[in-house]
Asks: 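Questions regarding the structure given below will be posed in turn.
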Protein chains: 2
Amino acid sequence: MPRISFVNGNYLPHEQATVPIEDRGLQFSDAVYEIISFFGGKPLDLIPHLERLKKSLEGLSIKYDVEKGYFLDLLEQMIARNKISDGIIYIQITRGVAPRDHAFPKGEITPTIIATVRPLDMEAIRNRLTNGVKIITVAENRWGRPDIKSTSLLGNVLAKEAAAREGAYEAVYFDHHGIVTEGASSNVWMVNNEGILVTRKTDGKILPGITRLAVVKTQKGAVKGIEERPFSRDALKTAREIFLTSTTSFVMPAVNLDGKSVGDGKPGPVTRVLQKAYQKYIKEQTGQTVF
Amino acid sequence: MPRISFVNGNYLPHEQATVPIEDRGLQFSDAVYEIISFFGGKPLDLIPHLERLKKSLEGLSIKYDVEKGYFLDLLEQMIARNKISDGIIYIQITRGVAPRDHAFPKGEITPTIIATVRPLDMEAIRNRLTNGVKIITVAENRWGRPDIKSTSLLGNVLAKEAAAREGAYEAVYFDHHGIVTEGASSNVWMVNNEGILVTRKTDGKILPGITRLAVVKTQKGAVKGIEERPFSRDALKTAREIFLTSTTSFVMPAVNLDGKSVGDGKPGPVTRVLQKAYQKYIKEQTGQTVF
């Protein structure tokens, strides 16, 4: 069966899905995106993802009305046409096509919208969720608005490649004061050496993660509470537990940081509890037991 | 006559020039570019541009052999097919097409190469070169490697848009210490209040401008010399003269900074001398008197 992708209202064989070379997404990374998971054909946290998409578009003054019905239909069509029930949809909206000039084009231009779907390798993910992953720390190298989910991702690409070269799953950024921001494609959490669950607040220096938000909700009753505040790379190095959250990481234990074991080198008890709480959250929305 | 553009060896009507939606240039701004001017059909500083292109590719570990003959042929074809003798060619090379994953794709992938040409509005440029332009200062907001000429340009886009909204030609960046880096698409020079010509050295925090390099060469004998060193936004505010250099700015006088006149509000004598020296430099290479 051919892979079907989406460009500006059209469902096309993937290899025919293209954009003009003067699309501002290609020439300026003048574009935003979302990745939404679905299980049993049902999207997880569709509304928060669409709300964030709206904020990202507003952050770049891209005029595009985010309508829930449009994206529900897109999702249903992509799932049906690609016959995938558990996977992710990638949606990107660019400012559109215009003769190259840095500043926004004068007059109205039509944003470009593209989408692809692909299955998630849940077996590999479950394996990582059970055993934990290795992570490294790297110096912050991104542009000034990581809170906007844009495709200006070259810093993230280089950080992820640095991680991959060391056999690590994720690179965690620290700024020039030694303070952790977030992972190159995830939010970072720790249980510190006093047993307190800590994650950075959404202060403009991190992406407001949708999974982060869900875990903030689902931790209630599961753990004693969380502190949303900045923390240092040094504090991370003495943490009892570390985990990452993102759409494709779920609640991912990090058991090795910069080559050293985190705690006893196994996923910790708080992480386990939060994994279970998040699993329940997914089941409530989609009916599926995912991991 | 239809506009002809270039994609991976093919010369196509511009509207048919496209890239696949999973090109890493579109999804990650994992791409580099150059803009080279030509006058009377002859490129200006082709070799330095190709050398910088090579460095940008190396900086991102994109495996692509930059061959002079290939680009000379591309330039000749694009000039002939579009019947433009004075203009610019835009060349972009992306890492290529691959299933979406931040880290570099495993195995070999073929970089994507695209190009467009367009005429320069020399009348408008001459007008600006004669009368000078307005500029503003903005806080540095770019990713960590502005020395790589990449398409991760969203910070530059927002800075340029901020300038455009104030009727200014360029936005000049200053870092969190108040030190000037460069313009959003140009290098910045000043004649300071002691009469010394100053521009930042190529220290990794600015793009090594090709026009900058030419002016460093052509100033010899034209002015008493230059100091290549960092300087502050405060120093810029007391400068006698300010000018910008870039492929499409040439030696562009800035006569108004953040709403206040620079010097007497007219292009200054050192700027004039350097304009003439650069004009001579262009004529020696291309045979054309450009401005």
Side-chain angles (χ1 to χ4, degrees), chain A residues 5-7 14-31 33 35 59-61 90 92 94-95 99-104 106 112 114-116 118 139-145 148 150-165 171 176 184-185, chain B residues 5-7 14-31 33 35 59-61 90 92 94-95 99-104 106 112 114-116 118 139-145 148 150-165 171 176 184-185:
Chain A
S5 292
F6 175 89
V7 183
H14 182 67
E15 58 278 11
Q16 291 171 30
T18 62
V19 297
I21 60 173
E22 279 192 335
D23 193 290
R24 290 178 60 93
L26 182 67
Q27 297 197 341
F28 290 111
S29 59
D30 192 1
Y33 73 104
I35 293 173
L60 299 183
S61 306
Y90 172 85
Q92 182 177 335
T94 84
R95 194 179 306 277
R100 189 180 185 280
D101 187 21
H102 284 77
F104 303 166
K106 310 276 179 286
T112 300
I114 66 166
T116 58
R118 70 160 199 240
E140 182 65 80
N141 69 350
R142 297 174 300 168
W143 77 296
R145 295 295 305 273
I148 296 174
S150 81
T151 57
S152 231
L153 289 170
L154 204 35
N156 309 58
V157 163
L158 296 189
K160 280 283 195 183
E161 175 63 15
R165 278 198 305 265
H176 59 285
S185 68
Chain B
S5 292
F6 175 89
V7 182
H14 182 67
E15 58 278 11
Q16 290 171 31
T18 62
V19 297
I21 60 173
E22 279 192 334
D23 193 290
R24 290 178 59 95
L26 182 67
Q27 297 196 342
F28 290 110
S29 58
D30 192 0
Y33 74 103
I35 294 174
L60 299 182
S61 306
Y90 173 85
Q92 182 176 337
T94 84
R95 193 179 306 277
R100 189 180 185 281
D101 187 21
H102 284 77
F104 302 166
K106 310 276 180 285
T112 300
I114 66 165
T116 59
R118 72 161 198 241
E140 183 63 80
N141 68 349
R142 298 175 300 168
W143 78 295
R145 295 295 305 273
I148 296 174
S150 81
T151 57
S152 232
L153 289 170
L154 204 35
N156 309 59
V157 164
L158 295 189
K160 281 282 196 183
E161 176 62 15
R165 278 199 306 266
H176 59 284
S185 68

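Every chain is numbered from 1, with letters handed out A, B, ... down the list of sequences.
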Asks: Examine whether an atom of Ala162(A) lies under 4.5 Å from a heavy atom of chain B, and if so say whether it belongs to the side chain, the backbone or both; otherwise answer neither.
Replies: neither
Asks: Of all heavy-atom pairs between Ser152(B) and Leu153(A), which one has the smallest distance, and what is that distance?
Replies: OG-N, 3.7 Å
Asks: Is it the side chain or the backbone of Ile114(B) that comes within 4.5 Å of chain A heavy atoms, both, or neither?
Replies: side chain
Asks: Of the backbone (N, CA, C, O) and the side chain (C-beta and beyond), which part of Arg118(B) lies under 4.5 Å from a heavy atom of chain A, both, or neither?
Replies: side chain
Asks: Side chain, backbone, both or neither: which part of Phe104(B) has a heavy atom under 4.5 Å from chain A?
Replies: both
Asks: How long is the straight-line distance from CG of Leu158(A) back to CZ of Phe28(B), given to the nearest 0.5 Å?
Replies: 11.5 Å
Asks: Would a 4.5 Å heavy-atom cut-off, applied to side chains only, mark Arg24(A) and Val157(B) as touching?
Replies: yes
Asks: What residues, two or more places apart in sequence or in another chain, satisfy side chain to side chain contact (heavy atoms under 4.5 Å, CB included) together with Glu15(A)?
Replies: Pro13(A)
Asks: Looking at Pro99(B), Gly144(B), Ser29(B), which one has more heavy-atom pairs under 4.5 Å with chain A than the rest?
Replies: Ser29(B)
Asks: Which atoms of Ala163(B) are under 4.5 Å from chain A, going by heavy atoms: the side chain, the backbone, both sets, or neither?
Replies: neither
Asks: Between Leu26(A), Thr116(A), Asn141(A), who has the most heavy-atom pairs with chain B when the cutoff is under 4.5 Å?
Replies: Leu26(A)
Asks: Shorter than 4.5 Å, heavy atoms on both sides: which option in Arg142(A), His14(A), Arg100(A) has the most such pairs with chain B?
Replies: Arg100(A)
Asks: Measure the CG-CG distance between Asp30(A) and Leu154(B) for me, rounded to the nearest 0.5 Å.
Replies: 5.5 Å
Asks: Which one of Thr112(B), Val19(B), Ile35(B), Leu60(B) has the most heavy-atom pairs closer than 4.5 Å to chain A?
Replies: Val19(B)
Asks: For Ala159(B), enumerate each residue passing the side chain to side chain contact (heavy atoms under 4.5 Å, CB included) test, keeping only those at least two apart in sequence or located in another chain.
Replies: Val138(B), Ala171(B), Tyr173(B), Ala184(B)
Asks: With only heavy atoms counted, which part of Gln27(A) is less than 4.5 Å from chain B, the side chain, the backbone, both or neither?
Replies: both
Asks: Below 4.5 Å, heavy-atom pairs only: which of His176(A), Arg145(A), Glu140(A) has the largest tally toward chain B?
Replies: His176(A)
Asks: Measure distances from Ala17(A) to the heavy atoms of chain B and classify the residue's part below 4.5 Å as side chain, backbone, both or neither.
Replies: both
Asks: Could you look at Ile148(A) and say if it's the side chain, the backbone, both or neither that has a heavy atom under 4.5 Å from chain B?
Replies: neither
Asks: At their closest point, which heavy atom of Ala103(B) faces which heavy atom of Glu161(A), and how far apart are they?
Replies: CB-OE1, 3.6 Å
